[in-house]
Amino acid sequence: FHPQRIKKKVNLKLIVPIKVKKFGEQKAKLKHVEVKYFDIDLDSEIGVSGNYTYILSYGDKPYALLIKDKNFAKSQINIFKMLWGKANVY
């Protein structure tokens, strides 16, 4: 995923829980990546690309959902923007 994204110069913004800061630091070393941290305890992740939203649940049996819906993706982007404004750079 990342080699193709970097080649196409696609920017990536991540909000990472502070408890897994090492993960964020690794991703921040890649090109075209901005990372901020939030004091939140999550066992899942959400990502948006175009009209697609994925929800990935971690645990003993990880699984993911892929949703193709313009309105859902737009709503998730708006939530992300709100959190991005409140997140911190460490």
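- Sorted by first and then second residue, the salt bridge (Lys or Arg N to Asp or Glu O under 4.0 Å) pairs with a member in residues 54-72 form an empty list; sequence neighbours excluded.
- Residues W84 and L14 share a closest heavy-atom pair of CZ3-O, 3.4 Å.
- For the side chain to side chain donor-acceptor pair (under 3.5 Å) condition, the pairs that include at least one residue of residues 9-27, sequence neighbours left out, are K19-D41.
- Sequence neighbours left out, the pairs with a member in residues 26-47 that pass ring pair (Phe, Tyr, Trp, His ring centres under 6.0 Å) are Y37-Y90.
- In this structure a side-chain-to-backbone donor-acceptor pair under 3.5 Å is missing from K36 to I15.
- Residue A73 comes nearest to V48 through the heavy atom pair CB-CG1, 3.9 Å, listed as atom of the first residue, atom of the second, then distance.
- Hydrophobic clustering of Ile, Leu, Val, Met, Phe, Trp and Tyr side chains at less than 4.5 Å, counting indirect connections, unites F23 with I6.
- Here the closest non-hydrogen pair linking S57 and S44 is CA-CB, 4.1 Å.
- For the atom pair CG (N88) and CD1 (I18), the distance works out to 8.0 Å, reported to the nearest 0.5 Å.
- Shown here are the side-chain hydrogen bond (donor to acceptor under 3.5 Å, both in side chains) partners of H2, two or more places apart in sequence or in another chain: R5.
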Quiz: residues 74-83 side-chain donor-acceptor pairs under 3.5 angstrom, not counting sequence neighbours:
from, atom 1, to, atom 2, distance (Å)
S75, OG, N71, O, 3.1
N78, ND2, K74, O, 3.4

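- Taken together through direct or relayed side-chain contacts under 4.5 Å among Ile, Leu, Val, Met, Phe, Trp and Tyr, V10 and L30 form parts of separate hydrophobic clusters.
- By the 4.5 Å side-chain criterion applied to Ile, Leu, Val, Met, Phe, Trp and Tyr, Y52 is assigned to a cluster that also includes Y54, L56, Y58, L66.
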